[in-house]
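Residue numbers start at 1 and run along the sequence shown. Order of appearance sets the numbers: ligands from 1, and atoms from 1 within every ligand. Worth saying up front: this structure is predicted, and the values here are computed from it rather than measured.
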Amino acid sequence: MPFLDKMLAYNHSWADQVIRDTPDFFKSISQTQSPETLWIGCSDARVGPDKLAGLPIGSVFVHRNVANIFATNDLNSLAVLEYAIDELKIPNIIVCGHYDCGGIHAALEHSGVQPVDLWLDQVRFVYNRHASELKKLPPKERSDRLAELNVEAQVHNICRNTIVREAWKRGQHVSVIGLIFDIHDGHLKQLGLEFRSQKEWEACYGESFSD
Ligand SMILES: [Zn+2]
């Protein structure tokens, strides 16, 4: 069966099954969305958040790109964050990286001027900041550790962003969390990165948000 026919057949059978299980499901989700989580993850086909975190339809607002980067100069990322916090009032922001990430491997292996190379410069900045630790590791551990450090860097970018800082300042509940997905056993792993307020962030990094 051609690809599109197969996909549409699957879609129709899925929609029929959902209606059999919950007759009002589509009526209910067509009214509005009130997701609990903004998920910033890698575009890798193996790490879709709904499946690996068991999140139901309507509960997760998703932003994905190569190597799960929250770039402070990327209008796309900023628009997603602003909409998630200011309009949807989403309380949880998860940055999820993963081991054996092609983007991380590419950042370690070469650089260049193609769009993906330029995008991955942001991972190379993370590598350079931690080069003394990373150089001591064998290749597999180095790439997995860089995936973790990259998550931390993106959590850092989000916590420092004005959109989050303003939300914290007005008392809005926003948790910024960093996770890594282990593609070898299917488990999500915590990285000790969870910040629920300006105070928590400052206490961990010794930074001040004073304007
Ligand atoms: Zn990846």
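Looking at Ile40, Thr37, Val155, Ile177 one by one, the single match for side-chain contact (heavy atoms from CB on, under 4.5 Å) with Ile93 turns out to be Ile40.
In this structure, CG in Leu8 is found 9.0 Å from CZ in Phe3, a value given to the nearest 0.5 Å. Rounding to the nearest 0.5 Å places CG of Asn73 at 6.0 Å from CD of Gln122.
Only protein N, O or S atoms were scored, and 3 of them lie under 2.8 Å from the Zn ion (ligand 1).
Under the 30°/60° scheme for interplanar angles, the aromatic rings of Tyr83 and Phe61 are found to be tilted.
Note on Asp144 versus Lys140: salt bridge recorded, some NZ/NE/NH1/NH2 to OD/OE distance being below 4.0 Å.
What you find for Ile180 and His98 is that their closest heavy atoms are CD1-N, 3.7 Å.
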